Each structure stands twice: as C-alpha cells, then as structure tokens.
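Residues take their numbers from the sequence shown, with the count starting at 1. Everything numeric here is computed off the predicted structure, so don't read it as measured data. Side-chain atoms are counted along with the backbone in the values below, which use heavy atoms only and exclude waters and symmetry mates.
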Amino acid sequence: MTETWQISEEQSGLRLDVFLQEQLEDVTRSHIRKWIDDQDVLVNGKGQKAGYKLKKGDEILLEEPDPEPLMSADPEPMDLQIVYEDEDVAIVNKPQGMVVHPSAGHPNGTLVNGLMYHFQGRLSAINGVLRPGIVHRIDKDTSGLLVICKSDRAHQALSDRLKDHDITRRYQALVLGNLKEDEGTVDLPIGRASEDRKKMAIVRGGRRAVTHYRVLERFGALTFVELTLETGRTHQIRVHMKSLQHPVLGDPLYGPSQLPSDAARLLSSVKDQLGNGQFLHAKVLGFVHPVTGEYMEWESPLPENFRTVLESLRERALNR
C-alpha cells in the first residue's frame with residue numbers, strides 16, 4: 001500500500017508518529033514506529049525520526065511493506081444471513097455482538113470465519129488472509145448490512161468508491177437526550193484518543209469525518225435518528241454523537257456509565273432488552289454494482305430488541 005499526504009497549516013507542529021497514528025486508525029503505534037525506523041516513511045523524500053515536527057507543506061510518503069501474516073482465518077460453520085449474492089459481491093446482515101474479522105483478541109467466531117465456510121474460500125484476497133472479502137466494517141456491537149467482495153475486481157472498484165464517498169450508508173440509532181435541531185451535519189476530524197488508544201476522539205490533525213443526521217422521532221430523554229455517512233472513520237457515528245452530547249444509547253465506550261434518570265424511567269419496562277451493545281443499526285446500503293454498473297440498494301429491518309424498545313417508547317408517548 002502506498003499513501004501520501006501533504007501537511008496543512010493546521011497539522012503543522014504535530015510529531016510524525018502522532019500524525020500517522022491519526023491517519024492510520026487500524027495500525028498500531030509499534031507498527032508505525034517500525035515503519036519510520038525502517039524508512040518506509042519518507043518526509044520530503046528523506047527518512048526522519050518519529051519525533052520529527054511536521055511543517056506546513058511537508059510531503060509524507062508511506063510505502064507499506066508486505067505484511068507477514070501471524071495467523072489465517074479458519075472456516076467455521078455458522079448461521080449467516082445472506083441478503084444478496086452474485087459472482088462478485090454478497091450483502092450480509094451482521095448481528096449485534098459479532099466481530100467482523102479475526103484479531104489477537106478474537107481468533108475465531110468472527111464473520112470472516114463464517115464467510116470462509118459459506119463461500120468455500122471464494123472471497124477477494126486484496127485485504128489478506130485475515131480479512132478476505134472485507135471492504136468496510138461495522139463495530140462488534142453494531143448490527144446491519146455489510147458488502148462482501150468475492151472477486152478482486154469488485155473489491156478494488158468498491159474500495160475506490162468508498163474513498164470517493166460514493167456508497168450509500170444510512171444508519172438508525174437511539175441517542176440520549178433531545179436533539180435540538182431536526183437535522184444537521186457534524187464535520188469534525190477524528191483520530192486516535194491520546195489518553196486511551198482503544199478510543200477515537202475529535203482531534204486536531206485527525207482525518208476529516210462528516211456525518212449527516214435527521215431526527216425521526218422524539219421521546220424527550222431519547223431521540224430516534226437517521227445518520228448518513230459521508231466518510232467512514234472508525235467509530236465515526238459514536239464519536240460524532242458524543243461530540244453533540246447525545247451519545248448512542250448503550251454505547252460502552254462513549255456513553256455514560258449509568259443511564260440518566262429520565263432515560264432510565266422511559267426504559268424501565270424494557271430493561272431486559274437493553275443488552276450489552278449500542279442501539280446503532282446499519283440499515284441501508286447502496287452502490288453502483290462494480291461489474292454491471294447498476295445501482296443497487298438494500299434495507300435491513302431493525303433487530304428485535306431495538307424494535308421492542310422503540311415500540312415501548314411510542315406506547316409511553318401515546319399514553320402521556
């Protein structure tokens with residue numbers, strides 16, 4: 001992989017390693033340090049130390065070396081909900097609680113393990129042995145639609161469309177509090193949080209992130225919203241809603257440790273449906289098919305617990 005950046009005035013003064021950590025959300029700090037030390041990262045054509053302070057106009061080039069896989073994904077039989085499939089792509093409805101691809105903490109039981117079994121290895125190889133067919137991800141505790149690529153030609157085309165923000169991705173969520181505006185846009189840069197590397201945050205020099213939101217229903221202490229992604233950063237919706245002081249209900253990283261009292265009262269009759277994950281669902285996915293050129297769009301119903309909570313909120317609103 002080759003990546004290039006030119007430093008803006010806003011990014012001037014950042015350390016080289018910090019800048020790269022903000023741009024490469026899925027890469028560990030140790031990997032970035034190794035690339036810098038091995039001079040896989042060049043600033044204005046020269047190697048620099050990790051602590052080099054960037055200047056406006058600096059040009060950074062990353063030539064990522066070929067990875068040495070530490071493990072491979074093993075096929076596992078599991079009950080997958082395949083919404084659509086052809087020779088090049090498939091659309092999967094991922095349940096809440098399922099991790100998308102194997103990692104050190106999740107070596108098996110992931111969506112990729114199930115895909116390997118279901119498609120008998122007929123998945124694109126562009127993202128390597130741990131992420132075959134994976135073009136984009138959704139969080140473990142987010143449910144909803146994902147596109148899977150079965151051919152390399154489809155994978156490359158859809159990756160390019162993602163970079164060009166040319167894929168429709170609409171989510172629905174329950175968020176805490178009563179959003180002031182009926183609709184709006186959050187345009188704030190996101191990068192790795194300095195105090196907790198498991199979290200993302202609004203950071204100076206982070207990658208541009210744009211989320212459009214629209215209120216669907218109001219319940220006083222909770223709001224049902226539709227969220228459309230213009231970009232696709234890690235934890236984007238969750239971080240942006242927290243920045244508005246309306247975190248996603250049940251968000252274990254960005255929400256409060258305890259429900260506000262007014263929200264707790266509203267949800268008192270459906271406590272058993274709250275579970276351990278956020279109320280965030282990837283509902284609509286659409287794109288121009290990378291081979292046929294036809295625009296296609298899919299919609300996924302809300303999970304049962306999400307629907308139950310919504311129905312309870314609506315009933316309470318009617319009986320007020």
Side-chain angles (χ1 to χ4, degrees), residues 1-67 126-127 135-137 139 156-167 169 181 184-213 227-247 253-254:
M1 178 184 76
T2 300
E3 293 274 4
T4 58
W5 301 272
Q6 186 167 48
I7 300 304
S8 66
E9 185 172 351
E10 186 183 39
Q11 295 163 333
S12 178
L14 287 174
R15 287 171 52 109
L16 175 60
D17 56 350
V18 171
F19 170 79
L20 289 172
Q21 286 162 24
E22 306 301 358
Q23 303 303 311
L24 304 168
E25 299 163 355
D26 295 328
V27 180
T28 65
R29 185 183 303 183
S30 60
H31 265 92
I32 287 172
R33 286 295 188 101
K34 187 176 188 306
W35 290 343
I36 293 172
D37 292 343
D38 293 347
Q39 296 200 358
D40 295 317
V41 177
L42 301 178
V43 181
N44 302 322
K46 297 180 181 179
Q48 294 288 356
K49 293 184 178 180
Y52 170 81
K53 295 293 181 69
L54 297 170
K55 304 177 185 67
K56 180 183 177 182
D58 278 351
E59 293 186 355
I60 300 176
L61 170 68
L62 165 64
E63 289 279 1
E64 183 180 343
D66 292 334
I126 287 177
N127 262 349
V135 184
H136 66 116
R137 295 175 299 164
D139 300 333
Q156 188 59 61
L158 286 177
S159 293
D160 291 342
R161 292 214 174 98
L162 272 172
K163 290 178 183 176
D164 293 336
H165 315 312
D166 198 21
I167 290 183
R169 286 173 293 170
E181 306 293 338
T185 296
V186 184
D187 186 349
L188 293 170
I190 291 177
R192 191 72 61 181
S194 58
E195 73 280 3
D196 184 347
R197 304 304 294 174
K198 293 180 180 179
K199 289 186 176 183
M200 309 302 290
I202 307 299
V203 297
R204 173 177 174 262
R207 302 178 75 183
R208 187 179 184 222
V210 182
T211 305
H212 307 284
Y213 66 87
L227 304 125
T228 301
L229 292 181
E230 187 172 317
T231 57
R233 311 302 175 209
T234 300
H235 298 177
Q236 177 173 317
I237 288 173
R238 299 163 65 189
V239 172
H240 275 172
M241 295 316 293
K242 180 187 176 183
S243 76
L244 294 178
Q245 299 183 340
H246 295 285
L253 276 182
Y254 305 103

Please indicate whether Lys55 has more than 12 foreign heavy atoms, meaning atoms of other residues, nucleotides or ligands, lying under 6.0 Å from its NZ.
yes
Using modelled atom types and a 3.5 Å cut-off, is there a donor and acceptor pairing between side-chain atoms of [X] and backbone atoms of [Y]?
| X | Y | answer |
| --- | --- | --- |
| Thr211 | Val186 | no |
| Tyr254 | Met200 | yes |
| Arg207 | Gly191 | no |

Please report the interatomic distance [atom1]([X]) to [atom2]([Y]), rounded to the nearest 0.5 Å.
| X | Y | atom1 | atom2 | answer |
| --- | --- | --- | --- | --- |
| Trp5 | Leu61 | CH2 | CG | 8.5 Å |
| Arg233 | Arg208 | CZ | CZ | 9.5 Å |
| Leu162 | Arg169 | CG | CZ | 5.0 Å |
| Ile167 | Glu230 | CD1 | CD | 13.5 Å |
| Lys56 | Glu9 | NZ | CD | 4.5 Å |
| Thr185 | His212 | OG1 | NE2 | 4.5 Å |

Any [X] side-chain heavy atom under 4.5 Å of [Y] side chain:
| X | Y | answer |
| --- | --- | --- |
| His136 | Leu158 | no |
| Ile202 | His240 | yes |
| Leu227 | Met241 | yes |

Return the minimal non-hydrogen interatomic distance between [X] and [Y], and the atom names on each side.
| X | Y | value |
| --- | --- | --- |
| Arg15 | Arg33 | NH2-NH2, 3.4 Å |
| Asn44 | Gly57 | OD1-O, 4.3 Å |
| Gln6 | Gln11 | O-OE1, 3.9 Å |
| Gly47 | Leu42 | N-CD2, 3.7 Å |
| Ile190 | Gln236 | CD1-CA, 3.7 Å |
| Ala193 | Ala201 | CB-CB, 3.9 Å |

Passes side-chain contact (heavy atoms from CB on, under 4.5 Å), Thr234 versus Arg137? Steps please.
CA-CA 9 Å; Thr234 300; Arg137 295 175 299 164; 4.1 Å; yes
Per side-chain contact (heavy atoms from CB on, under 4.5 Å), Val41 is matched among Ile36, Ile32, Asp17 by Ile36
Would you check, one step at a time, whether the test side-chain contact (heavy atoms from CB on, under 4.5 Å) holds for Leu244 with Glu181?
CA-CA 11 Å; Leu244 294 178; Glu181 306 293 338; over 6 Å; no
Please lay out, stage by stage, how Asp139 and Arg238 fare under the test side-chain contact (heavy atoms from CB on, under 4.5 Å).
CA-CA 10 Å; Asp139 300 333; Arg238 299 163 65 189; 2.8 Å; yes
Evaluate side-chain contact (heavy atoms from CB on, under 4.5 Å) for Leu16 paired with Ile60, printing each intermediate quantity in order.
CA-CA 9 Å; Leu16 175 60; Ile60 300 176; 3.9 Å; yes
